[in-house]
Amino acid sequence: MEMYEELTEISGTVEDVTFHNDENGFTVLDLSTEDELVTVVGVLPAVASGEKLRLRGNWTSHPTFGRQFRAQLCERSMPSTSAELYKYLASGAVSGIREKTARKIIERFGDDTFEVLEKHPEKLASIKGISIERARKMSNSFNEQFAVRQIMISLERYGMTPAECLKTYRALGPDCDRIVASNPYTLCAERIGIDFDRADAIAAALPEKPEPVFRMKAGVIHTVRHNLHNGHTCLPVEKLKRPCCSLLETDEASVGEIIAQLVEDKRLVLKPINGVSFVFLPEIYEAESSAAERIRIMLRFPPAGKPTLMRDIEEIEKDEGIVFDENQRDAIVTAVEKGILILTGGPGTGKTTTLNGIIRLYEKDGLRVLLAAPTGRAAKRMSEISGKEARTIHRLLEVEWDKNDKPFFSRNMKNPLEADALIVDELSMVDVGLFASLVNALPLGCRLIMVGDSDQLPAVGAGNVLGDLISSGVLPVSELKKIFRQASKSRIVTNAHDIVAGRMPDLASRDNDFFFIKRTTPDATVRTVADLYAERLPGSYGYSPLENIQVLCPSRKGDTGSVRLNRYLQERVNPPAKGKNEVVFGGRIFREGDKVMQIKNNYDIMWSRGAEEGSGVFNGDIGLITEIDSLDAVLTVDFDGRRVEYGLDGLGELEHAFAVTVHKSQGNEFDAVIMPVMAVNPRLCYRNLLYTAVTRAKKLMILVGTEGTVREMTLNNSKTKRYSALGYFLKEEDGHEEE
């Protein structure tokens with residue numbers, strides 16, 4: 001049975017507004033169409049009974065409230081007939097008017113009611129019970145409401161969604177329509193979020209073209225902001241000019257003048273670093289500089305430490321049946337005595353053992369220890385290896401949402417965490433904005449232990465936090481290098497260390513946990529990956545494709561990318577069958593039994609585990625579609641025992657996960673990993689991507705493709721260059737700004 005995404009348009013009159021959130025404009029209303037009374041949900045600010053709406057969106061189903069129409073675009077017109085006018089006024093949209101008064105006004109003025117309310121409030125005073133003062137208040141309220149509606153109508157003609165209209169109104173005020181008409185590039189402001197190309201299209205459609213300088217400034221800001229997605233927190237001015245010239249079709253001198261104006265307007269920050277002028281967005285400059293300042297304060301005023309007695313360490317060794325090597329002992333001593341430490345090292349070097357030793361000594365001293373990681377799965381793994389509760393950084397900082405649906409943290413410098421020590425794992429995945437929020441939420445005297453592998457891929461977001469912290473040379477760093485005997489028996493471990501050292505991994509082994517299968521074409525590679533995933537590994541090792549095996553791809557696109565492999569693997573392990581429900585959304589078929597991944601943090605979505613309930617599913621969480629209710633359009637996913645229901649409109653947050661990219665796998669570990677190494681995009685053919693993939697495998701790693709691709713990735717250590725300034729700010733003298 002199939003359930004298809006249905007996009008459609010409906011029109012009607014608002015009968016009743018049953019719910020409205022003034023903060024974000026979210027509304028639930030009853031719309032009377034020609035055929036039926038429809039429940040409509042969506043961001044519909046300043047809507048009231050009696051209004052005529054033309055809506056575009058899709059039918060969906062709420063797990064509790066049933067069939068609904070989710071509006072994405074809205075065109076509205078004010079009530080015109082006496083009946084519609086009555087509904088509008090009786091709804092309470094105008095202050096001072098309810099049902100009884102609305103009836104009197106409509107009976108007296110009929111279709112002229114709006115003109116009277118707008119221009120002749122004194123006529124309202126002719127109705128018994130309405131004083132001239134009350135009439136003026138009614139008129140003022142009506143004109144205020146009418147102005148907001150007219151603004152929404154005006155902005156919607158630019159093709160903006162109701163949510164975008166509301167953001168624009170809140171950002172620019174009641175004069176926003178005139179502002180947009182004269183300078184549509186104001187819509188590119190972060191708090192509104194219209195991209196540069198859409199602003200360009202709006203500008204092209206205007207009868208009077210905006211001043212060229214508006215476009216120039218927006219284009220430069222757009223280019224800087226676009227490079228955040230490439231990981232850069234800043235850009236050298238000379239490197240910024242070239243893409244700006246291409247985008248704006250102008251010369252470097254003109255771009256230079258615009259950059260200078262933006263710096264003067266405080267929309268960009270210009271900072272000379274080591275003789276080169278760099279440009280930052282103000283909020284990113286603040287994040288990097290404040291994080292560095294906080295770290296410097298922690299180094300200047302360390303927590304009260306105490307000498308670590310060797311007998312304490314020896315007691316741990318005796319209890320755990322282990323022997324710490326010299327580097328591990330030094331790391332534990334530094335953590336206790338100095339209170340700040342970066343603990344790094346590759347697989348098999350004993351990071352977990354060292355970390356547990358630090359936790360044990362902290363708790364022996366009665367310290368309140370918090371554990372955190374950037375993703376849900378990384379936090380879960382941290383909990384498993386430490387035996388202590390670990391939370392995502394967002395959860396730890398108590399994320400909330402403002403009226404524009406932007407996240408902010410309740411825990412901050414004014415409301416710090418209640419902790420004596422914080423241990424953060426997988427720091428390589430943390431971008432500079434999140435890192436700044438984290439360190440600024442630490443109370444004075446709190447110990448900070450940061451754990452990560454600097455040879456793995458950097459964060460998806462902007463910055464190179466772990467790399468910058470280490471290279472700055474201002475923090476204590478304990479790098480664990482010794483591969484312990486048990487780990488040294490694993491080809492996964494030894495090959496990972498060979499790769500990171502630029503040596504070819506052993507591809508000839510046939511009797512361990514690391515295998516290479518040669519294939520010379522993309523199609524042959526895909527078929528072999530599918531055979532391994534669907535049949536050979538389940539048959540030989542008893543692994544479940546959905547629970548134990550993960551295909552990791554260097555990229556989404558291409559002949560061996562995750563998009564193609566997901567389609568292929570779905571047909572192999574979960575083909576269509578009679579009685580197996582499925583839904584088509586965004587060109588993809590979601591089917592009962594599919595393996596899926598949540599691709600964005602959703603802190604509001606509810607889950608249940610037996611009698612336990614909670615909220616939050618996070619970017620990178622992998623689950624299984626257990627049920628699709630075609631009648632109510634509800635899809636149920638099981639995430640490690642947490643049962644989550646998605647309406648049709650929520651499927652944009654899910655992707656198939658038979659195959660995922662290496663970037664998406666960060667923070668996760670899998671029993672068996674299969675990776676195609678064939679036809680890899682040259683931009684992704686580098687060492688730390690291969691290393692990251694190999695270190696995701698716990699028991700079995702299989703590469704399928706060509707030896708040449710493996711060699712090319714291993715030898716290519718030219719990591720994608722990231723411009724960042726955290727390391728510079730850490731070394732900058734207090735109060736000193738380079739001239």
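No experiment lies behind these values; they were computed from the predicted model shown.
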K.L.:
Can you tell if the side chain of T168 reaches within under 4.5 Å of the side chain of I194, non-hydrogen atoms only?
P.N.:
no
K.L.:
My understanding is that only residues two or more places apart in sequence, or in another chain, count here; which of them pass side-chain hydrogen bond (donor to acceptor under 3.5 Å, both in side chains) with E613?
P.N.:
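Residues passing side-chain hydrogen bond (donor to acceptor under 3.5 Å, both in side chains) with E613: none at all.
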K.L.:
I'd like to know if K580 pairs up with E582 as an ion pair, taking the criterion as any Lys NZ or Arg NE/NH1/NH2 lying under 4.0 Å from an Asp or Glu carboxylate oxygen.
P.N.:
no
K.L.:
Given side-chain contact (heavy atoms from CB on, under 4.5 Å), test T375 with M429 step by step and report yes or no.
P.N.:
CA-CA 9 Å; T375 68; M429 297 177 63; 3.3 Å; yes
K.L.:
Can you check side-chain contact (heavy atoms from CB on, under 4.5 Å) on V644 and Y646, steps first, answer last?
P.N.:
CA-CA 7 Å; V644 180; Y646 291 82; 3.6 Å; yes
K.L.:
Does L44 offer a backbone N or O that forms a donor-acceptor pair with the side chain of T27 under 3.5 Å?
P.N.:
yes
K.L.:
I'd like to check the side-chain contact (heavy atoms from CB on, under 4.5 Å) partners of K119; sequence neighbours left out, ordered by chain and number.
P.N.:
E115
K.L.:
Does some side-chain heavy atom of L654 sit less than 4.5 Å from a side-chain heavy atom of L635?
P.N.:
yes
K.L.:
Show your working on side-chain contact (heavy atoms from CB on, under 4.5 Å) between D621 and R642 and close with a plain yes or no.
P.N.:
CA-CA 11 Å; D621 284 354; R642 293 174 300 152; 3.2 Å; yes
K.L.:
If you look at every heavy atom in R556 and T661, which pair is closest and at what distance?
P.N.:
CG-CG2, 3.6 Å
K.L.:
Please name the pair of heavy atoms, one in E426 and one in P374, separated by the smallest distance, quoted to 0.1 Å.
P.N.:
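Shortest heavy-atom contact: O-CG, 3.5 Å.
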K.L.:
Might you point out which heavy atoms bring G652 and I599 nearest each other, and give the distance in Å?
P.N.:
O-CD1, 3.6 Å
K.L.:
Between the side chain of R157 and the main-chain N/O of S154, is any donor-acceptor distance below 3.5 Å?
P.N.:
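Confirmed, R157 side chain pairs with S154 backbone.
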K.L.:
Report yes if some heavy atom in the side chain of S562 is under 4.5 Å from a heavy atom in the side chain of V660; otherwise report no.
P.N.:
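No, their side chains stay 4.5 Å or more apart.
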K.L.:
For residues V573 and P575, report the shortest heavy-atom separation together with the two atoms involved.
P.N.:
C-CD, 3.6 Å
K.L.:
Kindly say whether I628 contributes a backbone atom to a donor-acceptor pair with the side chain of E592 at under 3.5 angstrom?
P.N.:
yes
K.L.:
State, with a plain yes or no, whether a side-chain heavy atom of L438 is found less than 4.5 Å away from one of L396.
P.N.:
yes
K.L.:
What is the distance from atom CZ of F69 to atom OG1 of T39, rounded to the nearest 0.5 Å?
P.N.:
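Rounded to the nearest 0.5 Å, the CZ-OG1 separation comes to 12.5 Å.
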K.L.:
Measure the CD-CZ distance between E9 and R56 for me, rounded to the nearest 0.5 Å.
P.N.:
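Rounded to the nearest 0.5 Å, the CD-CZ separation comes out at 6.0 Å.
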K.L.:
Check whether any side-chain heavy atom of R591 lies under 4.5 Å from a side-chain heavy atom of P576, and answer yes or no.
P.N.:
yes
K.L.:
Distance check, rounded to the nearest 0.5 Å: R588 atom CZ versus L651 atom CG?
P.N.:
8.0 Å
K.L.:
Do side-chain atoms of T18 reach the backbone of V28 as a donor and acceptor pair under 3.5 angstrom?
P.N.:
yes
K.L.:
Closer than 3.5 angstrom, by distance alone: can the side chain of R696 be matched with the main-chain N or O of N668 as a donor-acceptor pair?
P.N.:
yes
K.L.:
Should K380 and E669 be marked as a salt bridge (Lys or Arg N to Asp or Glu O under 4.0 Å) after you check the CA-CA gap, both sets of side-chain angles, and the distance that decides it?
P.N.:
CA-CA 11 Å; K380 180 182 177 183; E669 284 187 340; over 6 Å; no
K.L.:
Any sub-3.5 Å donor-acceptor pair from N415's side-chain atoms to S410's backbone N or O?
P.N.:
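Checked: pair present.
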K.L.:
With side chains defined as the heavy atoms from C-beta onward, is the minimum distance between F109 and L124 less than 4.5 Å?
P.N.:
yes
K.L.:
Regarding E398 and R391, does a basic nitrogen lie under 4.0 Å from an acidic carboxylate oxygen?
P.N.:
no
K.L.:
Output the distance between atom CD1 (I105) and atom CZ (F114), rounded to the nearest 0.5 Å.
P.N.:
10.5 Å
K.L.:
With a 4.5 Å heavy-atom cut-off, do L417 and L397 have their side chains touching?
P.N.:
yes
K.L.:
Looking at L546 and K595, what are the two nearest heavy atoms and their distance?
P.N.:
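That would be O-CE, 3.5 Å.
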K.L.:
Quick check against the 3.5 Å criterion: does Q550 have a side-chain atom that pairs as donor or acceptor with the backbone of F658?
P.N.:
yes
K.L.:
With rounding to the nearest 0.5 Å, note down the distance linking CG in L187 to CD in E164.
P.N.:
8.5 Å
K.L.:
With rounding to the nearest 0.5 angstrom, report the SG to CG distance, C188 to D195.
P.N.:
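Output value for this atom pair is 7.0 Å.
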K.L.:
Report, as yes or no, whether the 6.0 Å neighbourhood of atom CD on E612 holds more than 12 heavy atoms from other residues, nucleotides or ligands.
P.N.:
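Buried by this count: over 12 neighbours within 6.0 Å.
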K.L.:
Residues in side-chain hydrogen bond (donor to acceptor under 3.5 Å, both in side chains) with Y86, at least two apart?
P.N.:
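Only R103 meet the side-chain hydrogen bond (donor to acceptor under 3.5 Å, both in side chains) criterion with Y86.
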K.L.:
With sequence neighbours excluded, what pairs up with H394 under the ring pair (Phe, Tyr, Trp, His ring centres under 6.0 Å) test?
P.N.:
F409, Y603
K.L.:
Holding to side-chain hydrogen bond (donor to acceptor under 3.5 Å, both in side chains), I want the full list of residues that pass it with D594, two or more places apart in sequence or in another chain.
P.N.:
Q570, N574, H656
K.L.:
Any sub-3.5 Å donor-acceptor pair from S383's side-chain atoms to A379's backbone N or O?
P.N.:
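Confirmed, S383 side chain pairs with A379 backbone.
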K.L.:
Is any side-chain heavy atom of W59 less than 4.5 Å from a side-chain heavy atom of I10?
P.N.:
yes
K.L.:
To check you understand the geometry: which heavy-atom pair defines the closest contact between C553 and L565, and what is its length?
P.N.:
SG-CD1, 3.4 Å
K.L.:
Extract all donor-acceptor atom pairs below 3.5 Å that involve side chains of residues 173-185 and protein atoms in other chains or at least two apart in sequence.
P.N.:
unit_1 : atom_1 : unit_2 : atom_2 : d
D175   : OD1    : R178   : NE     : 3.3
D175   : OD2    : R178   : NE     : 2.7
D175   : OD2    : R178   : NH2    : 2.8
S182   : OG     : R178   : O      : 3.2
S182   : OG     : I179   : O      : 3.0
N183   : OD1    : Y185   : N      : 3.1
Y185   : OH     : D200   : OD1    : 2.4

K.L.:
Using atom types as modelled and distance alone, determine if a side-chain donor or acceptor of S49 lies under 3.5 Å from a backbone N or O of E15.
P.N.:
yes
K.L.:
For the pair S139 (side chain) and R136 (backbone), establish whether a donor and an acceptor sit closer than 3.5 Å, ignoring hydrogens and angles.
P.N.:
no
K.L.:
Check step by step if side-chain contact (heavy atoms from CB on, under 4.5 Å) holds for V617 and V637.
P.N.:
CA-CA 11 Å; V617 182; V637 180; over 6 Å; no
K.L.:
Heavy-atom count check: over 12 atoms from other residues, nucleotides or ligands less than 6.0 Å from E571 CD?
P.N.:
yes
K.L.:
Hey, mind stepping through K664 and E655 against salt bridge (Lys or Arg N to Asp or Glu O under 4.0 Å) and telling me if it holds?
P.N.:
CA-CA 11 Å; K664 279 290 187 184; E655 283 186 356; over 6 Å; no
